[in-house]
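Just follow the structure's listing: the first ligand is 1, and inside any ligand the first atom is 1. Values below: every heavy atom of this structure, side chains too, minus hydrogens, waters and symmetry copies.
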Amino acid sequence: MNYVFRPATEDALSYCLYRSIARPGTTSEDVEAIVSHSRRRNAERGLTGCLHYENGVFFQWLEGPWREIFRLLDLLREDTRHFEVTVLDQGMLERRLFEGWQMRQSDPEAASLFAWLADWANRPEAGDDAYVERVNAFLKAIADQE
Ligand SMILES: Cc1cc2nc3c(=O)[nH]c(=O)nc-3n(C[C@H](O)[C@H](O)[C@H](O)COP(=O)(O)O)c2cc1C
């Protein structure tokens, strides 16, 4: 049989979803500063995505060239504005969810991820994989909004 082995290339379109805990005392101005810096830098790095900040917890969806995502993750882990950076999911993408968004900021007042999770957390099937699926579904719903 003839088959071609295709390793993931450094510019393969990838995504990473992580969660982190904000430094205590984080203000909305701090979050604004992160978003505006991210927008500028992500444009240069070919990254797009979405940041959700609620109850002192960050959830960030990053998408773009594989190498740029993993470079940024190294920087994020060193950043003292948050800690416990936990990668929930990562993989390859066919197309971007947040095309045109250097960093979309999702508004917890308009859509609460905590309420979305609480709504489901008591169900018997709730488990780690289901948790990640649920966070992914939340962010995909945000991506589908104008
Ligand atoms: C929650 C959070 C999200 C961040 N998101 C991004 C991002 O999407 N892009 C980015 O370049 N930096 C982001 N940063 C900042 C990086 O950790 C790091 O400070 C920055 O990339 C360094 O940029 P510089 O190379 O311009 O100094 C984020 C920081 C935090 C705390």
Side-chain angles (χ1 to χ4, degrees), residues 6-123 125-146:
R6 279 181 227 228
T9 57
E10 295 201 335
D11 58 1
L13 184 60
S14 311
Y15 72 95
C16 173
L17 170 68
Y18 78 84
R19 181 189 59 206
S20 64
I21 313 294
R23 185 169 61 193
T26 295
T27 63
S28 52
E29 288 74 28
D30 295 332
V31 179
E32 292 303 326
I34 290 170
V35 169
S36 63
H37 185 83
S38 299
R39 286 187 175 148
R40 203 168 59 246
R41 298 294 279 133
N42 290 352
E44 295 157 12
R45 294 173 165 139
L47 295 173
T48 49
C50 181
L51 182 69
H52 185 87
Y53 175 66
E54 186 177 356
N55 291 353
V57 182
F58 288 113
F59 289 84
Q60 193 174 26
W61 172 275
L62 292 164
E63 56 190 20
W66 183 87
R67 185 180 46 176
E68 293 299 333
I69 289 190
F70 288 96
R71 267 195 191 149
L72 179 56
L73 271 177
D74 282 344
L75 295 172
L76 284 163
R77 289 187 198 283
E78 299 286 304
D79 196 320
T80 56
R81 291 173 288 183
H82 64 172
F83 56 99
E84 281 188 34
V85 174
T86 306
V87 172
L88 300 176
D89 196 13
Q90 63 190 59
M92 297 295 160
L93 274 184
E94 295 273 309
R95 60 174 191 87
R96 292 178 193 252
L97 298 184
F98 293 93
E99 183 79 57
W101 287 97
Q102 266 62 45
M103 189 47 57
R104 184 163 182 170
Q105 193 178 0
S106 129
D107 175 8
E109 305 268 321
S112 163
L113 177 52
F114 280 75
W116 167 261
L117 290 170
D119 206 32
W120 147 91
N122 294 326
R123 293 197 202 157
E125 74 271 21
D128 274 356
D129 286 350
Y131 172 83
V132 172
E133 280 305 306
R134 189 82 180 156
V135 176
N136 270 330
F138 178 87
L139 289 166
K140 281 177 187 140
I142 300 283
D144 287 339
Q145 290 164 13
E146 282 307 306

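- Annotation for ligand 1: atoms under 4.0 Å from non-hydrogen atoms of Phe58 are 1 (C).
- Residue contact check: Tyr18 has heavy atoms under 4.0 Å from atoms 1 (C), 2 (C), 3 (C) of ligand 1.
- Every heavy atom of Phe59 sits 4.0 Å or more from the atoms of ligand 1.
- Nearest protein heavy-atom contact of atom 17 (O) of ligand 1 is Asp79 OD2, 2.6 Å.
- The two atoms that bring Tyr18 and His82 nearest to each other are OH-CE1, 3.8 Å, heavy atoms only.
- Between Glu63 and Leu97, the shortest heavy-atom distance links the atoms OE1-N, 2.9 Å.
- Using a 4.0 Å cut-off to heavy atoms of Leu72, the atoms of ligand 1 that qualify are 7 (C), 8 (O), 9 (N), 10 (C), 11 (O), 12 (N), 21 (O).
- One distance of note links SG of Cys16 with CZ of Phe70; it measures 5.5 Å at 0.5 Å rounding.
- For Glu44, the CD atom is densely surrounded, since the number of other residues' heavy atoms within 6.0 Å is greater than 12.
- Ligand 1 has at least one atom lying under 4.0 Å from a heavy atom of His37.
- Listed here is the closest heavy atom pair of Thr80 and Arg23: O-CD, 3.5 Å.
- Of all protein heavy atoms, the one closest to atom 26 (O) of ligand 1 is Arg41 NE, 2.6 Å.
- Residue contacts with ligand 1 leave out Leu47, since none of its heavy atoms falls under 4.0 Å from the ligand.
- Under the ring-ring contact (aromatic ring centres under 6.0 Å, His included) rule, His52 has a single partner from Phe98, Phe138, Phe58, which is Phe138.
- Listed here is the closest heavy atom pair of Arg96 and Gly46: NH2-O, 2.9 Å.
- For atom 7 (C) of ligand 1, the nearest non-hydrogen atom of the protein is Ser38 OG, 3.1 Å.
- Scanning the protein for heavy atoms near atom 14 (N) of ligand 1, the closest one is Leu76 CD2, 3.8 Å.
- The environment of Asp74 atom CG is dense: over 12 non-hydrogen atoms of other residues, nucleotides or ligands sit within 6.0 angstrom.
- Residue contacts with ligand 1, taken as heavy atom pairs separated by less than 4.0 Å, involve Asn42 solely via side-chain atoms from C-beta onward.
- Here Gln60 contributes atom CD and Leu51 contributes atom CG; the two are 5.0 Å apart, rounded to the nearest 0.5 Å.
- Atoms of ligand 1 found under 4.0 Å from any heavy atom of Leu62, numbered from 1 in the order shown, are 8 (O).
- Taking only non-hydrogen atoms, the option from Glu78, Gln60, Met103, Arg45 nearest to atom 11 (O) of ligand 1 is Arg45.
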